[in-house]
S.K.: 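Before I ask anything, here is the structure I am working with.
Note: hydrogens, waters and symmetry copies are ignored here, and every other heavy atom, side chains too, is used. What you see is a predicted model; the values in this text were computed from it and never measured. Reminder, nothing fancy here: chain letters follow the sequence lines and each chain counts from 1.
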Protein chains: 2
Amino acid sequence: MTAQRRALIEAIQKSPTHLDAGSLLERARRREPNIDRATVYRTIELLKRLGLVDELDLMHLEGEKHFYEVKTRTDHIHLACFRCGGIEEIASPVFDLLKAEIAQLTGFKISVARLEVGGICRACMTAKPRASPEEREEAAMTANR
Amino acid sequence: MTAQRRALIEAIQKSPTHLDAGSLLERARRREPNIDRATVYRTIELLKRLGLVDELDLMHLEGEKHFYEVKTRTDHIHLACFRCGGIEEIASPVFDLLKAEIAQLTGFKISVARLEVGGICRACMTAKPRASPEEREEAAMTANR
DNA sequence: TTAAATGCAAATCGTTTGCATCTGT
DNA sequence: ACAGATGCAAACGATTTGCATTTAA
């Protein structure tokens with residue numbers, strides 16, 4: 001247990017949003033100025049292996065970065081808005097039910113279940129009231145990336 | 001509609017397995033030898049935008065590649081085995097129910113829903129009968145990447 | 001004819017690695 | 001003391017880009 005690891009773990013825990021390796025490094029440096037990129041990646045790898053953090057893609061809204069969060073008891077779903085880039089989280093008993101069904105049906109011993117949804121959030125949907133239905137449709141289509 | 005695009009679309013459609021950009025290029029070249037990487041990526045981007053193909057990560061089992069499949073009417077779940085690398089697919093009414101619930105609860109207009117599960121498949125679970133429960137636990141843990 | 005698609009090569013981005021040095025236990 | 005963790009710099013793999021050229025409609 002080194003000072004660098006402590007700084008990184010604290011950075012992940014404290015952040016209200018999902019951080020990628022780069023911003024994780026930046027935050028950790030406030031505490032431990034000499035910490036290096038490589039250490040960040042190695043520590044993330046470790047925490048993943050220990051099952052302490054989950055890795056997310058968040059629909060690749062900003063390039064191919066990965067994002068990290070502390071693993072909670074109940075899995076939650078991540079909703080990414082293609083228009084505003086916002087991320088929402090939601091948990092549902094139906095999700096747990098689904099995982100149980102999958103395990104039962106396929107015999108899989110599930111260790112990670114990642115559900116990521118992309119679309120247009122309520123706020124963006126109601127905003128731009130001038131937009132015609134055609135424009136909305138177009139935007140939704142184009143957003144599908 | 002160019003010859004290159006035709007070759008790529010055919011390559012995606014014909015493949016029984018999920019292909020990444022590299023193998024997609026390779027397959028398409030059998031038909032159109034002069035096709036370039038850049039064209040592959042540009043065409044994939046187009047097909048994604050048009051909602052014709054879905055992009056998958058398959059739990060990053062082999063690096064950070066992305067995999068592609070033609071978008072089907074009913075979404076399915078991808079199960080990746082950390083031990084043998086195999087991919088299984090499964091659809092479930094519960095999955096559709098969950099998506100409906102998410103949309104209803106959050107007001108999201110969902111355009112993509114990607115559920116990827118990582119774990120140990122039934123075959124790998126039953127294999128290695130000599131493995132102690134501890135070893136299984138350890139393997140499952142380590143596999144969590 | 002001409003806007004759009006392509007090939008090529010170089011660039012970019014996130015991530016990983018080899019290796020010499022340092023540090024926690 | 002010494003296994004393991006770190007920093008540094010270089011390497012890497014997947015993907016993207018600028019630009020001159022070709023092609024489908």
S.K.: C:dG7 P sits how many Å from B:Asn34 CG, rounded?
M.R.: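 After rounding, the reported distance stands at 7 Å.
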S.K.: Whether B:Lys99 engages the ring of B:Phe95 as a cation-pi pair (distance to the six-membered ring centre under 6.0 angstrom, angle to the ring normal within 45°) should be assessed.
M.R.: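 Checked: cation-pi criterion met.
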S.K.: Figure out the CD/P separation between B:Glu45 and D:dA14, and round it to whole Å.
M.R.: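 After rounding, the reported distance stands at 18 Å.
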S.K.: Choosing from D:dA10, C:dA5, C:dA10, which nucleotide comes nearest the side chain of B:Arg37?
M.R.: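 Among D:dA10, C:dA5, C:dA10, the one nearest the side chain of B:Arg37 is C:dA10.
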S.K.: Reading nucleotides 18-25 of chain C from the 5' end, what letters show protein touch, with B for base, S for backbone sugar-phosphate only, - for no heavy atom under 4.0 Å?
M.R.: B-----SS
S.K.: For the side chain of A:Ile35, starting at C-beta, report the closest nucleotide among D:dT6, D:dA14, D:dG7.
M.R.: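 So the nucleotide nearest the side chain must be D:dG7.
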S.K.: In what stems does DNA chain C take part, counting only runs of at least 3 consecutive Watson-Crick or G-U pairs whose two distances fall under 3.5 Å?
M.R.: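 As far as DNA chain C goes, consecutive pairing (with distances under 3.5 Å) yields the stems C:1-14 with D:12-25, C:16-25 with D:1-10.
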S.K.: Looking only at the side chain of A:Thr39 (C-beta and beyond, no hydrogens), which of the listed nucleotides D:dA10, D:dG7, C:dG7 gets closest?
M.R.: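 For the A:Thr39 side chain, the nearest candidate turns out to be D:dG7.
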S.K.: Using a heavy-atom distance cut-off of less than 4.0 Å, which residues of residues 22-33 of chain B contact DNA chain D?
M.R.: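 Result for residues 22-33 of chain B: none.
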S.K.: If you check every side-chain atom of B:Gln4, which of C:dT6, C:dT15, D:dT16 has the closest atom?
M.R.: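 Among the listed nucleotides, the one closest to the side chain of B:Gln4 is C:dT6.
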S.K.: Side-chain contact test, heavy atoms from C-beta onward, threshold under 4.5 Å: evaluate it for B:Leu115 versus B:His78 and give yes or no.
M.R.: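 Answer no - side chains too far apart.
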S.K.: Report the distance from atom NE2 of A:His60 to atom P of C:dC13, rounded to the nearest whole Å.
M.R.: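 To the nearest whole Å, that distance equals 17 Å.
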S.K.: Ignoring the backbone of B:Thr43, work out which of C:dT15, D:dT15, C:dT6 is nearest its side chain.
M.R.: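 The answer is C:dT6, which lies nearest to the side chain.
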S.K.: Write down the distance between CD (B:Glu62) and C1' (D:dG13), rounded to a whole number of angstrom.
M.R.: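 Between C1' of D:dG13 and CD of B:Glu62: 13 Å.
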